[in-house]
Structures are given as C-alpha cells and as structure tokens.
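To find a chain, count down the sequence lines: A is the first, B the second, and so on, and within it residues start at 1.
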Amino acid sequence: MCKQFDHSGIEPRIVEKSKTLITRTVKNNVKTETFTITLPPPNVTGSLHLGHAFTSIIQDMLLRYKRQHGYATLGQPGLDHAGIATQIVVANQLQEQGINWQELERDEFINRVWTWKEQSGGTILYQLVRLGMSIDLDRVRFTMDEEASNAVLYAFTTLYKDGLIYRAKKIVNWDPILKTAISDIEVSNRIEQGKMWYIKYPIGQCNFITIATTRPETLFGDQALAVHPDDERYKHLIGTKARIPLTDRTIPVIADDFCSQEKGSGVFKVTPAHDFADFEIGQRHNLHCLSVMDESGHMNDEVPKEFQGLPVLKAREKLVEALQEKGLVERTEEITHSIPYNDRSGAIIEPMVTNQWFLDTKTLADAAIKAVESGRIKFIPEQWTNTYFEWLRNIQPWCLSRQILWGHQIPVWHTENGKMFCAMTEEDAKQQAKKYFCVDDKSIPKLTRDPDVLDTWFSSALWPFVTLGWPKSREEMRKYYPTDVLVTGFDIIFFWVARMVMFGLYFTKDVPFKTVYINPLVRDEHGRKMSKSKGNVIDPLRLMNKYGTDALRLTLASLAVPGRDVNIGESHVEIGRNFITKIWNASKFLEMKKCLFDRDFNAHNNNLEKPLNKWIVRKLIEFKRTAQSALDESRFDLYALSVHKFLRDVFCDTYIEAIKLCDDDETQNTACAVFAEYIKVAHPVIPFVTEYLWEKITNGTEQMLLISPWIDNCDAHELKPDLVDHYISVAGEVRSLKGMIGCKEKLDLLIKAGENDEFVKSNVHWIQQLARVNSVDIVETFPSKGIRFFVAGRELFIKYPHEISKSLFDKKLNTLAQDVSRLTEKIANESYKKAKPEDWQSDVDLLEVKKVELQKMEAISWNY
RNA sequence: GGUCGCAUAGCUCAGCGGUAGAGCACUACGUUGACAUCGUAGGGGUCACAGGUUCAAUCCCUGUUGCGACCACCA
C-alpha cells in the first residue's frame, strides 16, 4: 500500500468523469427548483490568482451543495473582454514585435486582439477547472461574442431612446498615456509629497495678488481669480483685473462662495479646462474654457512658445524657474497631497474638457437603492450595504465612452454637420437619417460611426441576463433568473454590483441576484497585500500541484470569515494537505478492517444494537446539521471547521480508536456507512478526495457523490449526551492523568459499582481501548494505593503502585476548590436566580457535584 | 473631513452576556496492528485602554488609542 495520497493522479480523472453530470444537472428540466450563480467573468488577459481561487471555491461549494440536493444547478462561466486592460496587453505585445499599434488600421488592430484572445482566452477557464469548479464549459460566454454584442447594442439604443444616454462636452478624467477618458471610479488616488507654489499675479502697475497652486503650469488656462465674497482682504479687488504672469492676458477677479478664506492664500485661480471644481465655477460665471494641453498631456500652442510641446511636469519646472526669475514666486511649501492615477496605465490623470457619452444614472440608482433597502437583495456581510448606498446616493453621470479600439463600438452615426442617429445597425441609422432629412435613399447624408467604444463595465452590467439569452430568448431567463447568489470582492461593488442591479432592474424589471456575498480580500500570511514587487504573490496553481486542489480549497474555505481580510501562507495549505491525508488514512483503516459499503445498510434507521455505533451516528447527525446550517448561512469557515473536527476529533480520535478491537458486522457496517455519509457532506469543499474515496468504498456501484444527496432523516434521534459520552470523558481523564504523572505502562481502571454496571460490562472493550488501560473492573471499594479521580461526580480509580507528585494532586484540588467557591458565589446571587432560573438551577446542580468531588478529594490521604 | 472594519495565546485567527477556544509554534513522551504529512499529554491569555449598562461584560453602549480599507477634499 502506498504511503501517500496521490492527488495529481486522480484530479484530472474526476474532472473528466464529472463533466456530463454537471452538464446534465444544468440542463435537467425535471426539477423545478434551480440554483444559479453567474460567475464573475475574469479578464481574457487573466491568469488565476489566489483571489480568483477564493471567490471561485466559495461559489463552487454552493453549487455542489445545491446540486447534491437536487437543484437544477447552473454556474454560468464566462470571460470579459476587459477593454483597456486587454488593449494594453496586446499593444505591448505588438510593440515587442516592433509594431506600432497606433499605425495600424482600426480593423487590423482589432483582428490582432481577437487572434490573441483565441490563443490565450481559455487559459483561465482551464485553471478554474483545475480548481474543481463544477461548471459547464460548453456554456462559456464572452462579453464580445455575437449575442452579447447584440445585447449591448440593444441596451444602448434603448437607453438612448429613453433619453438616459447623452453626449456632452464636459470635464472628464483623462488618461494622457492611453489618450482616453476614464470614469471617476477608475481613478485611484496616491498620497505623495508635493509642492504648493504661492504665485503673485500682477494687478495694475505695482500691486500683486497671491494665489496658491500645486499646478502652476495650468495658469495659462486661467479665466479668473476667485475670492470669497466676504473676504475683507480681497473684497475691494472684486471686479478688477489681474494679469496672468508671463503673459499679457488679464482675467477678472470674481467672487464665489466656493472659495475658502482659510485655504491657500484665499485666492483661487480658476482654470475651467483643467480642474473639476474650476469647471463648475466656470459654468456658474460663464467663463471660457481654455485648454492648454493636448490629449497626450503636452502643452499646446495656447501657451508661450518656450513651453509649447513640453510634457506637464517639464513645463511646470520650467515655468516655476521663469516665475522665480521675475520674482513672482512668493514662497513654496512642501505638502503631502493625493495625486490621481490610472492604475492600469500608470498615468497621472489630467482633467480635460472633451466630448463624451454619458449615462444619466440618477433614476436607475434610486431603484437600485430601493432593491437593497427593501431586502430584495441581501448583502453578506451586511455592512457592505453602506458602501453600496453611499455610492449610489451620490452617484454621478457615468462616462461611458472610451477613446480606445477594443470594445463595443458606440452605435451612433454622425452626419458631417453634427446630427446623430443611434441604431442597432448602420442600415437602421440610414433609415432614420432618411426619414429625418426627408430624402430618398440616394441623398442620405454621409454617416460616420462614432469611433468611441463603451466602458467595459457597460457589458458587464448586463452579464447576469445576457448569459441567459437576453434580450432575444426568454426561456432560460424564466428558469434561472433572477440568479441566486453573486460572489465577488468589495472592490467592484461600484464597478459591477451596483451597475448590474441598476441595469437588471431597468431592463428585466427584476433584481439580477438575491444575495451578494462579498468575499474577503486575500493577503499574505502577515496581512500584507500580495504584489509582484513585494515578491509575496502565491500562485494557486503551484499550491494545487504541490498540495492538491482539495488542500487549497479546504484551506481557503476555513479562512473565509465574513467581513475580515484573509491572510494566507503556504503553511496554511500544508495543514489542509495534512488533513486530506488524514481522511485518506481513515479510509485505509476501514479497508483494512474490511468495513464494506452496503447500500441497504442505513445507519440512520435507528435499529443499531451497540451504544457506540448509536453514538457515532448521533455525532454524524450533529455534524451534518452543523455543516448544513453553516452552508445555509454562508459561513464557509464554520463549515470547513466542522468537516475538520468531525473527522479528526470524533471519527478518528474517538470512534476508530474505540472500534479497533471490534470485528462485528454491525460495527463494520456502521463505520463504513458513517464514513460514506461523512464524505458526502465534505464533498462540496474537498470534491476530489471524497469522490475518489466514494468510488473506492462503493466499488463504483453508486452514482457520483457530485449528485448524491445527504441522507437527512434525523428527527428520530435524541441528540442528548448519553453514557457513551460519559465514558469517553472518563477515558479522556484517565489518559490525561497518566500523561501528567508520566506513566507509560498500561494500568488497571476501577469503577465503583453503581447503576451503570451493566453498561460498563458490555462496553468494557472500547472503554479500555480509549483509556489505554489493561482492564476495567467494577468494585465495591477501592484499594488504598492509587489515584482516585472524578468525572461528573462519579468516582473512579486507577491502580498505581508508585508515588505520584503532591503538586499534581494539589493542582486538581485547587481547581476544584476554585470551581466550588465561584459557583457558590454565583448562585448566591438572587437576581441571577430570578433572571435566569434555568441557568441558575443547572449551576446549583453542578455545584452539588463539585462539592461532593471536593469532599472526597480532601478525604484522600496522599501519604504513602 | 466622512463612512466602515479590526484589536483575544509567541504567530494566524475563531468565539461568546454566566468557567477563554482552535491550528501552527513550544515542552515531554511515543514508531501501539489507518496515519510521524502522525499520536498522547502538557505549558501559555487582566480578551488594546477608560468609562457606562447589567445580578453578571472579553461579549452590549460611549469615548480614547493604534491599525486597515473606502469615499470626499486636495487653492
């Protein structure tokens, strides 16, 4: 028999064997109850990281759990085209081949991306399958496949028709590296050291007014200086003109409530084209928008010659020098402030005024808020509703357009003089134009399609229903929609969750999912974020190869405490692996013991003779209930813990130890039946080893565990502790005493004659085994030499000829005395008695037991 | 500035209004007929701090401190 469990050998085989069953349970139309999870579609560029692994196994546990219980279970897989991310990857690849992608025709570039997508798009799906995801790969969808693309066009045109999508020239977050707009939530702020310059703007002949700025280079775009209307220092200047340094251009000094008298110098330079706040002030005061840089973040020809063409930072440097030369820099200040970045490209965001497409989100957001307020959608943990609400309540119009090539091109056609037609196809647009201009086919003005593409998240927001055939087919929608659970990270509550809810409610008049499980962030074992630069990234594939997929799954599940980040190190997975080995060893024991699977032997039907067998069945039921309620409450950590505890503490350490000397049929059958039930319950978290062992113990005669329901006819059993529990504690106490006195040899255990004599006599074999003693005898009186001890008030005795340490005895006595005094004090409390009479009574009873134990202990002489 | 979370054994973390828990690490013992990727036993904590509620607080409330995340601001 080999010494180690070989996960690598069985995993691919089980995956292969599960395929048809998974497909069938999706397509199965017999069951009316469905369970659906739309898997968050990973980027086509992606490869599996621990975060994916974590989210995925949580989903798979639910899928397997529900599938075992007979639901028509759908885990809908897919891939996201990930507009900007993918374009960057492909552009870089082309660059490595010496091709400048910007010189390629639009179609040519897009073809390249498709080629690349075909090559590498399936990698992550394969990796998900390695994780044991029970998903049907024939159902894999792509956010840019034909159906999804049509759905996107449909959604866009519908929103346009309903007046929710509009085009406007507004200030947006501009990425000068990618040369595209991005939405506000794509901007991330980094705290950095920087400078604040106090710059003097000349007023009249010899006066100055000082402004403070971190972005001096934008001063060429200034349209005004603003002060607070009540600011005594500057009141007299309102209405006068100041001159922009280094130029001849003058700008008015205006009053605006927005200005704070405390910040900076109290004077605010207004540059509507390059700052969000300034843009708004500009709108209020009807100021011109003068842009001073181009789309790549270089100064344009609106600035003095010597600055033209310089990138922002260079221009800033040069400008400050020039100002200093003229004595126009009053002072500089070192400050810490946050700088907006686009993490994808690494670019510093430049607010720029451009023409973009926007979605008016306000009304959509209201419905989305209500859906959560009313409980139609539930968040786990609930606290994330705060995040969700906060964003939706302050929602801004969504900038939908991106000036990139890879994505869903906006379905709007422009005429040369600025008329727009939104349509699903060019032909439709032409027809609209024809009608609008009242012309015949030949005279339709030339139409050019808008070159922009949609934000990737636009198609993602439609994902839960697009994958079910929307808008074309309703069949699967009826069956699987709304989906049941969405499992995702808190970082995309805005990007994805909220938008799915908005679009779901808008387009399908229903919520897209009922429960949102926000899974924790995965960090390294010391709680640091995993990143390539820190070198602490753990590759899940490596862990799976080394320790087995089950080990990784069990480890992740046991760490899935809601509302708390997960710290994971390789040592954790090692523990998981050790546990898988333990299960395997337990099965080896059963095999050795010739415990055979008998499908007609039902351990639950309560006609067992032996107390120990009844006991393990009772424990199994308790375990099953714990596991079930943990899964029902999305407590995957507690579920994993129960899987762990039952096998180790109950089945192995107690039951297997106890039955080592039992060779009767009932015990053999029970052992196997309980183990078989156990692996069913453990299957959702550790599918491979359980499926493998199931196959082995059933000799392949049964259907796969994948679709085997847990037996659940538990009501007949009393779940109260019984004599078996008592004598298990007795045995534990014997082992503990032996350990503490350092006794290695086997001793004799004496039990004082009493009401349980019959039970002890007929169960002596396992009590002896568990207590690691030679014999167990019932006696009327105890000999003088030995160790007296108590379990739950009953007196016991270990024959022991040697002297044992007094300190050990004193220690026990002390604990007992402490218990007695604590309990005495506690029950003396009249308010306690009144408030919780039942608790109080059980404390009274306990005290009685302890008192007796203490008395007897004190009566024992320890002098030999 | 706002919101949320966290603080329990050396480490990573559970837990709970009524005797403080696990795993790892540590100590001792053990290759017994499933398992040394193991077993048995043991040591180890004023449950961040200060108030309050309660008969009773590690748990509930308030505040403080420290850490983290997000949003806003960023002249």
ask   = In whole Å, what separates the P atom of B:rC47 from that of B:rA41?
value = 28 Å
note = Taking a pair to mean Watson-Crick or G-U wobble geometry with both distances below 3.5 Å, B:rA57 pairs with none
message = Applying a 4.0 Å non-hydrogen cut-off, can you work out what A:I211 is touching in the nucleic acid: base, sugar-phosphate, or nothing?
response = nothing
ask   = For B:rG39, does OP1 or OP2 lie under 4.0 Å from any side-chain N or O of A:K582?
value = yes
Counterpart base for B:rC67, defined by Watson-Crick or G-U wobble contacts under 3.5 Å = B:rG5
request  = Looking at every strand, decide which applies to A:K660 at a 4.0 Å heavy-atom threshold: base, sugar-phosphate, or nothing.
outcome  = base
inquiry  = Please tell me if A:R564 has a side-chain N or O lying less than 4.0 Å from either OP1 or OP2 of B:rC6.
reply    = no
key: is_close_aromatic(A:F623, A:F651), centroid dist under 6.0 Å   = no
inquiry  = Classify A:D839 by what it touches in the nucleic acid, base, sugar-phosphate, or nothing, heavy-atom distance under 4.0 Å.
reply    = base
remark   = Taking every heavy atom of A:D653 against every heavy atom of A:L770, the minimum-distance pair comes out as O-CD2, 4.1 Å
Under the side chain to side chain donor-acceptor pair (under 3.5 Å) test, residues paired with A:K582 that sit two or more places apart = none
key: C1' spacing across the pair B:rC59 / B:rG17, given as an integer number of angstrom   = 7 Å
task = Report the nucleotide, chosen from B:rG39, B:rA34, B:rG18, that has the shortest atom-to-atom distance to any side-chain atom of A:R648.
result = B:rG39
message = Any N or O donor-acceptor pair under 3.5 Å from the base of B:rC73 to the side chain of A:S338?
response = yes
note = Checking N1-N3 plus N6-O4 or O6-N4 for Watson-Crick, or N1-O2 and O6-N3 for wobble, each under 3.5 Å, the partner of B:rC26 is B:rG42
query = So which of A:K850, A:K826, A:K833, A:R822 actually passes salt bridge (Lys or Arg N to Asp or Glu O under 4.0 Å) with A:D843?
reply = A:K826
key: Worked verdict on A:D637 versus A:S558 for side chain to side chain donor-acceptor pair (under 3.5 Å)   = CA-CA 4 Å; A:D637 58 327; A:S558 63; over 6 Å; no
inquiry  = Taking the P atom in each of B:rU62 and B:rU3, what is the distance between them to the nearest angstrom?
reply    = 13 Å
note = Closest to the side chain of A:F268, out of B:rG39, B:rA75, B:rA41, is B:rA75
inquiry  = Ring centroids only, cut at 6.0 angstrom: are A:W391 and A:F494 within range, meaning strictly under it?
reply    = yes
key: Shortest side-chain distance from A:K826, nucleotide among B:rU19, B:rC74, B:rA41   = B:rU19
key: Proximal nucleotide (of B:rA75, B:rC55, B:rA41) relative to the A:A835 side chain   = B:rC55
request  = With P as the reference atom in both, quote the distance from B:rA28 to B:rG43 in angstrom, rounded to an integer.
outcome  = 15 Å
key: A:Y517 ring center within less than 6.0 Å of A:F636 ring center   = yes
inquiry  = Looking at B:rA72, I'd like to know if its phosphate oxygens (OP1 or OP2) sit under 4.0 Å from a side-chain N or O belonging to A:N394.
reply    = no
inquiry  = Ring centres under 6.0 Å, that's the criterion: do A:F688 and A:H7 meet it?
reply    = no
message = Categorize A:N829 for me: base, sugar-phosphate, or nothing, with a 4.0 angstrom heavy-atom threshold over every strand shown.
response = base
key: Options B:rA34, B:rG18, B:rA75, nucleotide nearest the side-chain atoms of A:Y832   = B:rG18
request  = Assess whether one donor atom and one acceptor atom, taken from the side chain of A:K588 and the base of B:rC35, lie less than 3.5 Å apart.
outcome  = no
query = Within the pair A:R822 and B:rU19, is there a side-chain N or O less than 4.0 Å away from OP1 or OP2?
reply = yes
ask   = Taking the P atom of each, how far is B:rU12 from B:rA25, in whole Å?
value = 15 Å
key: Of the listed nucleotides B:rU40, B:rG42, B:rC55, the one nearest the side chain of A:R735   = B:rU40
ask   = Under 4.0 Å between a side-chain N/O of A:K850 and OP1 or OP2 of B:rU19, yes or no?
value = no
inquiry  = Measuring from the side chain of A:V561 (C-beta onward, heavy atoms only), which nucleotide among B:rC55, B:rA75, B:rC13 has the closest atom?
reply    = B:rC13
query = Any side-chain N or O of A:R393 less than 4.0 Å from the OP1 or OP2 oxygen of B:rC71?
reply = no
message = Roughly how many Å apart are B:rA9 and B:rG42, using the C1' atom of each and rounding to a whole number?
response = 15 Å
request  = Have a look at A:H572 and say if it touches a base, only the backbone sugar-phosphate, or nothing, with a 4.0 Å heavy-atom cut-off.
outcome  = sugar-phosphate
Options B:rG18, B:rG15, B:rG39, nucleotide nearest the side-chain atoms of A:K836 = B:rG18
ask   = With a non-hydrogen cut-off below 4.0 angstrom, is A:T214 in contact with a base, only sugar-phosphate, or nothing?
value = sugar-phosphate
request  = May I ask you to say what A:E657 touches in the nucleic acid, namely base, sugar-phosphate or nothing, with a heavy-atom cut-off under 4.0 Å?
outcome  = base
When you compare the protein's N or O atoms with those of nucleotides 67-70 of chain B, which come within less than 3.5 Å of each other, and at what distance?
none

task = In whole angstrom, give me the gap between the P atoms of B:rG15 and B:rG52.
result = 29 Å
task = Assign the ring pair A:Y388 / A:F379 to parallel, tilted or perpendicular, where the plane angle (0 to 90°) is split at 30° and 60°.
result = tilted
ask   = Hey, does the side chain of A:K593 come within less than 4.0 Å of B:rA34's phosphate (OP1/OP2), counting only N and O?
value = no
task = Sticking with atom P, work out how far B:rG39 lies from B:rA48, rounded to a whole angstrom.
result = 32 Å
task = Looking at every strand, decide which applies to A:L661 at a 4.0 Å heavy-atom threshold: base, sugar-phosphate, or nothing.
result = base
message = Just verifying a value: how many Å separate A:L392 CG and A:R499 CZ, rounded to the nearest 0.5 Å?
response = 10.0 Å
Whole-Å gap separating P (B:rC73) and CZ (A:F258) = 9 Å
request  = For the side chain of A:A212, starting at C-beta, report the closest nucleotide among B:rA75, B:rG15, B:rA22.
outcome  = B:rA75
key: From B:rA14, B:rA75, B:rC38, nucleotide with atom closest to A:L638 side chain   = B:rA14
ask   = Paired with B:rA50: which nucleotide, if any, by Watson-Crick or G-U wobble criteria at under 3.5 Å for both distances?
value = B:rU62
inquiry  = Under a 3.5 Å cut-off for both contacts, is B:rU32 paired Watson-Crick or G-U wobble with anything, and if yes, with which nucleotide?
reply    = none
